[in-house]
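Below you'll find the structure, written out as structure tokens, and then a few comments.
In what follows, every heavy atom counts, from backbone to side chain, and hydrogens, waters and symmetry copies are set aside. Protein chains get the first letters and strands the later ones, always in sequence-line order, with residue 1 at the start of each. All values derive from a computational prediction rather than experimental measurement.
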Amino acid sequence: MKTPRQKMAEQDPQERIANFDEVPYGYTPEQAQAEAARCLQCQKAPCRAGCPVEIDIPAFILAIREGDFAAAREKLLETNSLPAVCGRVCPQEDQCEKVCVLAKKGDPVAIGTLERFAADWKDGEEADPEAGSAPEKAKVAVIGAGPAGLTAAADLARMGYRVTIFEALHRPGGVLVYGIPEFRLPKAIVFEEVEKVKKMGVELELNQVVGATLSVEELFDSGFEAVFVGTGAGLPRFMGIPGENLNGVYSANEYLTRVNLMKAFRFPEYDTPVIRGEKVCVIGGGNVAMDSARTALRLGAEEVTIVYRRSRAEAPARVEEVHHAEQEGVIFKFLTLPLKYLDDGNGWIRGMECQGMELGEPDDSGRRRPVPVPGTEFTIDCDLAVVAIGNDPNPLLPRALPELELGWKGTIVADPETGAASVPGVFAGGDIATGAATVIEAMGAGKKAARGIDRYLSARKS
Amino acid sequence: MYRIVEQERLTPEAVRLRIEAPRIARRRQAGQFVVIRVDEKGERIPLTIVGSDPEAGTITLVVQEVGTSTRKLGRLRAGEAILDLTGPLGRPTEVKKWGRVACLAGGIGTAEVLPVVEAVRAAGNTTLAIVGARTRELLILEDEMRAAADGLYITTDDGSYGRHGVVTDVLLDLINDGAVPDRVYAIGPVPMMKAVADLTRPYGIPTEISLNALMVDGTGMCGCCRVTVGGETKFTCVDGPDFDAHQVDFDELVQRQKIYLGQEKRSLEEYEKCAGGCRR
Ligand SMILES: Cc1cc2nc3c(=O)[nH]c(=O)nc-3n(C[C@H](O)[C@H](O)[C@H](O)COP(=O)(O)OP(=O)(O)OC[C@H]3O[C@@H](n4cnc5c(N)ncnc54)[C@H](O)[C@@H]3O)c2cc1C
Ligand code: FES
């Protein structure tokens, strides 16, 4: 009989909404080996092509099957500097697992969960990641310590470059530390992954806003020969409807930053406060909306409703995230558009006026455009609203380097293969170049840019 | 870590700190601020840069001890350090040659207006400083201000020093005496800035104010600091902190500053209970 795809054990939904601990527990070694045995070890391995950071997927799975978990871990680290992160937050269902040969007839191999298992494996023999063999190579500056910047830095260090990361916040990780919640990605894991990057010889300077604390020009003047910009898409969008600045209306960035980065869920032990709503509305249909809704539950909300203007099929959130939110009791109102926030008379939100929508003709994104249905206006009561309708690139750095060519919504125009931007020596990748996307795409861009920088600097030398 | 090289108590509720931050000392301009986090459990709060010494690599901050974070700061001594400090943030204050400029400040705003007075005067303007305090003992930086401005007017709410009254009384007198300033700059508590805006509006005097919105990151990432200016939403930390006083929605600003009043009180109670050093 064929082994079915192995499922991770999870915290019970009723229990987990009262804590911030991680929801899935990961595989046991037995489960991991059983799952690894399902892999056909295809010669042409389509899964590899589905992976933006080119992990040798069959090889690491084979090592798991053979019980050599440490070897599996080392295999991952050859190409992926943040495997414990990727194993948790990548949309594998759209990438490696989507093209898995087994997916044609049934369930694909659980590549993501296996990655998580191997990356988490600890046997006290974790080899210190190798610093480059020729550390006398040029100095490269990386701006932003999100997935794009960390990957570019690690790969450049591996090639022997002397790398310094300049990060605006007081902690490295980008969205991994301020956006994605603890129950989905424990911060201790991000910390460990960053430590590995540092052990490769990468210097990390925190609290440095490039464009404010120091300029790109100063970086070049102080001996950096190339600069990688991985500053992300950190500018929250609002809808521009009445009442948006009422007390009790947050951007998802603010809400999640207070809770994740500043640990407001442990207020007053930690000094940063956060509003704990009883009836919470979250606006949006992506991962950010799911994270916000599930955070609200854990902060004690009685009722959490996600309001999204399209239907379930168009929601960009990962299936697993929607599923987890539903399990935990989040209510979904699809085809619903907020029109305005209502004032309780004291400057606080008391509810939201909404309108029903239906799907019309496809729009630019290829999804059917939601159109208002007249006469369907209604009111939802809430004392907290979280706006999770997306982020645009942060303009701070582009403003400070006006020569940079910018694209749609202020993204930095960069060659998708080399990361090269319009200013010589400046490279860019991740959300700042593509607009808000995924962790793994940002990492892939960091990887390509590292190669692009290597080629650029080698050519300059000769 | 950012080391404190000098600490000086100015009043029972305010201290001046000189802190090592060489990159910021080199680049900061009038009107800009830093975001600091005192310790591992601390929040991120914005503080105006009052001055800097690029040679020594230090910046000066003046802190009024009103909440948990500022009390923590007030307890730090020379030789101790602040965990995180970022800046200089915000757009610098616009400085041009206008002619006569009146700079008004209330309370701790006196420290914050000092770099603006210096910059405005350096640009060739006749610069008047009008500063107010509740009472004499709370007046700060009088000597520095006297040195920086072409003229200094002092008011106290209780009449214990300078003129009995508020800063707008002085401004109104100037206007009535025909000495109408070409430009007004104000920084202080919201009711004071609103009073300044209301006073100068009918005379059409261009008036800039520096807004003290709540902040988290200070880099435009969260939107905590949003204000309505001229009917549009702006982020104080990147679009400001200076805005046209006649365009600012003060009622909303006042409202938003109250969001965490309850929590702030609770946090301070917890902190004071433990201030001798229990779990912190
Ligand atoms: C709540 C949330 C949940 C998400 N969930 C998922 C998920 O499940 N799976 C997934 O694949 N993707 C997810 N994403 C998207 C993913 O996190 C991003 O696509 C990814 O982090 C982008 O990486 P980056 O390195 O380009 O930018 P970021 O992670 O945004 O990092 C940019 C870094 O640069 C710093 N910076 C900015 N400006 C400056 C400056 N001027 N000087 C110095 N430093 C600067 C920032 O502080 C930040 O640390 C989620 C995003 C959010 C917000
Ligand atoms: S403080 Fe976060 S955007 Fe201004």
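With a 4.5 angstrom heavy-atom cutoff, B:Arg26 touches chain A only via side-chain atoms. At a 4.5 Å heavy-atom cutoff, A:Asn391 makes no contact with chain B through either its backbone or its side chain. At a 4.5 Å heavy-atom cutoff, the contact between A:Ile275 and chain B is made by backbone and side-chain atoms alike. Heavy atoms closer than 4.5 Å to chain B are found nowhere in A:Val387, neither backbone nor side chain. Using a 4.5 Å cut-off between heavy atoms, A:Leu169 contacts chain B through both its backbone and its side chain. The contact between B:Arg27 and chain A is made entirely by side chain atoms (from C-beta outward), counting heavy-atom distances below 4.5 Å. Of the two parts of A:Thr213, the backbone and the side chain both hold a non-hydrogen atom closer than 4.5 Å to a non-hydrogen atom of chain B. Contact annotation for B:Ile259: both backbone and side-chain heavy atoms come within less than 4.5 Å of a heavy atom of chain A. A:Arg266 does not touch chain B: none of its heavy atoms, backbone or side chain, sits under 4.5 Å away. In this structure, chain B has heavy atoms under 4.5 Å from both the backbone and the side chain of A:Asn245. Only the backbone of B:Leu85 comes within less than 4.5 Å of a heavy atom in chain A; its side chain stays farther off. Using a 4.5 Å cut-off between heavy atoms, A:Tyr255 makes no contact with chain B at all.
Nearest heavy atoms, A:Arg399 versus B:Val238: NH1-O, 3.5 Å. The nearest pair of heavy atoms linking B:Tyr2 to A:Leu206 is OH-O, 4.1 Å. Looking at every heavy atom in both residues, B:Gly42 comes nearest to A:Met262 through O-CE, 3.5 Å. For the residue pair B:Arg266 and A:Pro268, the shortest heavy atom distance occurs at NH2-CD, 3.5 Å. When all heavy atoms of B:Gly220 and A:Pro236 are compared, the closest pair comes out as O-CD, 3.6 Å.
Options A:Asn394, A:Asn346, A:Leu214 differ in how many heavy-atom pairs under 4.5 Å they form with chain B, and the most are formed by A:Leu214. Among A:Arg258, A:Glu218, A:Glu244, the residue making the largest number of heavy-atom pairs under 4.5 Å with chain B is A:Arg258. Note on A:Val249, A:Leu256, A:Leu246: by heavy-atom pairs under 4.5 Å with chain B, the leading option is A:Val249. Of the listed residues B:Glu252, B:Glu269, B:Glu232, B:Arg37, the one with more heavy-atom pairs under 4.5 angstrom with chain A than any other is B:Arg37. Between chain A and the options B:Val38, B:Thr233, B:Val227, B:Val34, heavy-atom pairs under 4.5 Å are most frequent for B:Thr233.
Counted within 6.0 Å of NZ on A:Lys139, heavy atoms from surrounding residues, nucleotides or ligands total more than 12; the atom is thus considered enclosed.
Annotation: the span from A:Leu235 atom CG to B:Met221 atom CE amounts to 11.0 Å, rounded to 0.5 Å. Rounded to the nearest 0.5 Å, atoms CG (A:Leu261) and CZ (B:Arg44) are 7.0 Å apart. Atom CD of B:Gln255 sits about 7.5 Å away from atom CG of A:Asp343, to the nearest 0.5 Å.
Taking a cutoff of 4.0 Å between a charged side-chain nitrogen and a carboxylate oxygen, A:Arg171 and B:Glu40 qualify as a salt bridge.
In this structure, A:Asn207 contributes its side chain and B:Asp84 its backbone to no donor-acceptor pair below 3.5 Å. A donor-acceptor pair is defined here as one N or O able to donate and one able to accept, closer than 3.5 Å; such a pair exists between the side chain of A:Ser251 and the backbone of B:Cys222. Judged purely by atom type and a 3.5 angstrom limit, B:Arg23 has no side-chain atom pairing as donor or acceptor with the backbone of A:Gln208. Of the possible donor and acceptor atoms, one in the side chain of B:Gln263 sits under 3.5 Å from a partner among the backbone N and O of A:Val274.
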Might you work through the side-chain contact (heavy atoms from CB on, under 4.5 Å) test for B:Asp217 and A:Thr257, ending with a clear yes or no? CA-CA 9 Å; B:Asp217 59 302; A:Thr257 299; 5.9 Å; no
